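Report on one structure; see the data block that follows.
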2 protein chains.
Amino acid sequence: MTTPKFAQIKQFIVDNIRSGAWLENQRVPSENELTEQFSVSRMTARRALSELTEAGILTRSQGLGTFVASFKSQSSLLEIKNIADEVKARNGNYSCTVLVLESINAVAPIAIALGVEVNSVVYRSVLVHNENELPLQVEERFVNPALASNYLQQDFTALTPHEYLSSVAPLTEARHTVEAVMPNSEMCQWLNLYHEEPCLQVIRRTWSSAGIVSFARLVSPGSKYRLGGHLTFKNNKK
Amino acid sequence: MTTPKFAQIKQFIVDNIRSGAWLENQRVPSENELTEQFSVSRMTARRALSELTEAGILTRSQGLGTFVASFKSQSSLLEIKNIADEVKARNGNYSCTVLVLESINAVAPIAIALGVEVNSVVYRSVLVHNENELPLQVEERFVNPALASNYLQQDFTALTPHEYLSSVAPLTEARHTVEAVMPNSEMCQWLNLYHEEPCLQVIRRTWSSAGIVSFARLVSPGSKYRLGGHLTFKNNKK
DNA sequence: CAACCCATCTTGTATATACAAGCTTATTAT
DNA sequence: ATAATAAGCTTGTATATACAAGATGGGTTG
């Protein structure tokens with residue numbers, strides 16, 4: 001009896017859904033019914049229902065009741081993890097090589113992506129993230145100098161650009177797109193590819209309250225890297 | 001004063017973080033302090049802190065206090081949406097063509113992915129999802145017949161396989177991987193590609209409480225399709 | 001000086017109560 | 001018959017209170 005009451009109620013509800021006893025869009029017991037069944041206060045029953053609603057497992061509507069959420073409306077999520085953490089998690093030897101660290105004049109597409117004037121000075125870095133000394137991902141990044149003036153002085157073999165930028169400009173937003181592309185010859189050289197192969201390319205733009213901080217392009221060979229995602233009914237055990 | 005008190009407190013906290021006034025890992029006011037500042041009960045202040053914690057913006061620990069969550073530990077998320085919904089969302093004309101609908105004997109890789117005996121009978125479907133009559137994605141799916149016996153009798157131009165399977169076997173889990181691949185000649189034909197180009201391939205396996213339901217391969221040309229993701233500090237306005 | 005205990009802060013769980021607001025159904029009045 | 005009303009359910013917001021449990025700092029005791 002060491003597990004909290006609200007957690008027991010959550011477990012009860014999740015079990016009924018997992019087993020198929022309660023189907024999609026079916027009504028689940030109301031707060032008052034749970035209050036009776038479990039001999040708890042309404043606030044405790046309410047907490048179980050609220051937290052499962054927050055988790056996307058139930059939907060509630062005032063005056064009507066609480067229902068099992070429909071699965072088809074749920075979109076699945078993929079994680080983009082820090083690549084250094086990912087390599088370390090599978091006991092690989094992570095290292096990083098800095099290929100380029102410079103300030104350049106922004107051509108139009110870069111300037112637009114960073115929200116700065118065309119031809120104004122921006123910082124550019126190109127790093128290679130290695131697993132066991134073999135290239136796994138190339139990170140090309142353009143940085144708004146107004147928001148990270150000391151960017152070029154950093155040692156990115158110790159602290160990743162993303163970690164450094166997070167500490168300098170508190171991030172408020174990030175957007176990603178993932179696509180499949182063919183690498184150009186320069187990219188093939190960086191990735192040490194003997195013959196062309198399709199690559200996963202992640203474009204990431206990050207914002208702080210003061211504006212767009214940076215614009216990164218992460219390219220990995222399709223044969224070596226994939227994104228993973230996992231969607232499950234949460235067990236919510238403490 | 002129509003917005004609830006707990007929402008006002010959440011807004012106050014989020015604003016302080018967004019503006020940079022409260023930095024990573026910095027302590028935020030305790031429940032009792034918020035209770036005084038906003039003249040609310042402790043339970044209301046607590047609700048604001050709890051919900052922001054659930055959203056990943058704060059972290060709490062008993063006895064210590066509540067702190068601004070660190071950004072670097074957050075991994076970014078990408079959504080895999082239903083392709084029919086996505087096409088409709090941008091006012092495209094969605095249609096679907098059924099190329100194959102058959103039962104086959106599972107070769108080893110398929111049997112393993114579905115968790116059935118090698119050479120046992122499984123269902124297979126190949127659909128093409130079109131936007132404005134042009135192929136956007138090929139969906140090749142293998143289905144465990146024990147969990148969806150009427151699969152071959154369905155009309156998938158009306159109801160997607162995922163929707164049908166969700167209604168027959170309540171889903172409990174899904175796993176995805178995304179990678180970049182080159183299509184083979186058969187796939188090129190299905191996708192109406194004149195010259196080879198890299199494709200995004202999503203592999204999705206779905207579980208119900210009774211076991212693995214299906215195994216799907218979703219292939220889209222890199223020039224026409226990309227996955228998007230958006231990560232932001234939630235505003236939590238009701 | 002070091003070890004222990006305690007007061008006091010924090011968050012976590014739980015209850016009882018009150019009223020507001022959305023939805024359905026049955027009743028009443030036109 | 002139709003329309004308005006009221007009753008009775010639902011969830012939503014808010015308060016006051018109580019005790020439990022983790023963390024910290026200070027003071028007493030050995």
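The structure presented is a predicted model; accordingly, all values stated were derived computationally and were not measured. Chain letters run A, B, ... following the sequence lines, proteins first, then strands; residues in each count from 1.
- Residue B:Leu64 places its side chain closer to D:dT24 than to any other of D:dT24, D:dT15, C:dT15.
- One atom, CD of A:Glu36, and another, P of C:dA16, lie 13 Å apart when rounded to the nearest Å.
- Side-chain nitrogen and oxygen atoms of B:Arg60 include at least one within less than 4.0 Å of the OP1 or OP2 phosphate oxygen of C:dG12.
- For the pair B:Phe67 CZ and C:dT11 C1', the computed distance is 11 Å after rounding to whole Å.
- A sub-4.0 Å separation between OP1 or OP2 of C:dC9 and a side-chain N or O of B:Asn32 is absent.
- For A:Ile112, there are no side-chain contact (heavy atoms from CB on, under 4.5 Å) partners at least two apart in sequence or on another chain.
- Of all nucleotides listed (C:dT15, D:dA14, C:dT10), D:dA14 comes nearest to the side chain of B:Lys5.
- Going from atom CD of B:Glu31 over to atom C1' of C:dC9 covers 12 Å, rounded to whole Å.
- Each of C:dA21, D:dT15, C:dG12 was ranked by its minimum atom distance to the side chain of B:Gln62; first place goes to C:dG12.
- If you take CG of B:Leu58 and P of C:dG12, they are 11 Å apart, rounded to a whole angstrom.
- Per the geometry, CZ belonging to A:Phe6 stands 17 Å off P belonging to C:dT11, to the nearest Å.
- Between the C1' atom of C:dT13 and the CD atom of A:Glu51 lies a distance of 11 Å, rounded to the nearest Å.
- Ring centroid separation for the pair B:Tyr151 and B:Phe156 comes in under the 6.0 Å cut-off.
- Contact annotation: A:Ser30 reaches the phosphate of D:dT10 (side-chain N/O to OP1 or OP2, under 4.0 Å).
- Contact annotation: B:Thr66 side-chain N/O to C:dT10 OP1/OP2 distance is not under 4.0 Å.
- For B:Glu36, the CD atom sits in a loose shell: 12 or fewer heavy atoms of surrounding residues, nucleotides or ligands are nearer than 6.0 Å.
- For A:Glu131, the salt bridge (charged side-chain N to carboxylate O under 4.0 Å, His left out) test picks out A:Arg90, with sequence neighbours left out.
- Under the side-chain hydrogen bond (donor to acceptor under 3.5 Å, both in side chains) criterion, B:Ser214 pairs with B:Arg141, B:Thr206, not counting sequence neighbours.
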Pairs under 3.5 angstrom only: tabulate donor-acceptor contacts from the side chains of residues 58-67 of chain B to other protein residues two or more places apart or in another chain.
{"unit_1": "B:Arg60", "atom_1": "NE", "unit_2": "B:Thr66", "atom_2": "OG1", "d": "3.1"}
{"unit_1": "B:Arg60", "atom_1": "NH1", "unit_2": "B:Glu31", "atom_2": "OE2", "d": "3.2"}
{"unit_1": "B:Arg60", "atom_1": "NH2", "unit_2": "B:Glu31", "atom_2": "OE2", "d": "2.9"}
{"unit_1": "B:Arg60", "atom_1": "NH2", "unit_2": "B:Thr66", "atom_2": "OG1", "d": "3.4"}

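- Residues of residues 42-49 of chain A that place a heavy atom closer than 4.0 Å to DNA chain C, in numerical order, are A:Arg42, A:Met43, A:Thr44, A:Arg47.
- Among residue pairs with one or both ends in residues 8-37 of chain A, those qualifying as ring pair (Phe, Tyr, Trp, His ring centres under 6.0 Å) are A:Phe12-A:Trp22, A:Phe12-A:Phe38; sequence neighbours excluded.
- Taking atom NZ of residue B:Lys10 and atom P of nucleotide D:dT13, one finds them 10 Å apart after rounding to whole Å.
- For the pair B:Leu34 CG and D:dT15 C1', the interatomic distance rounds to 16 Å; values are reported in whole Å.
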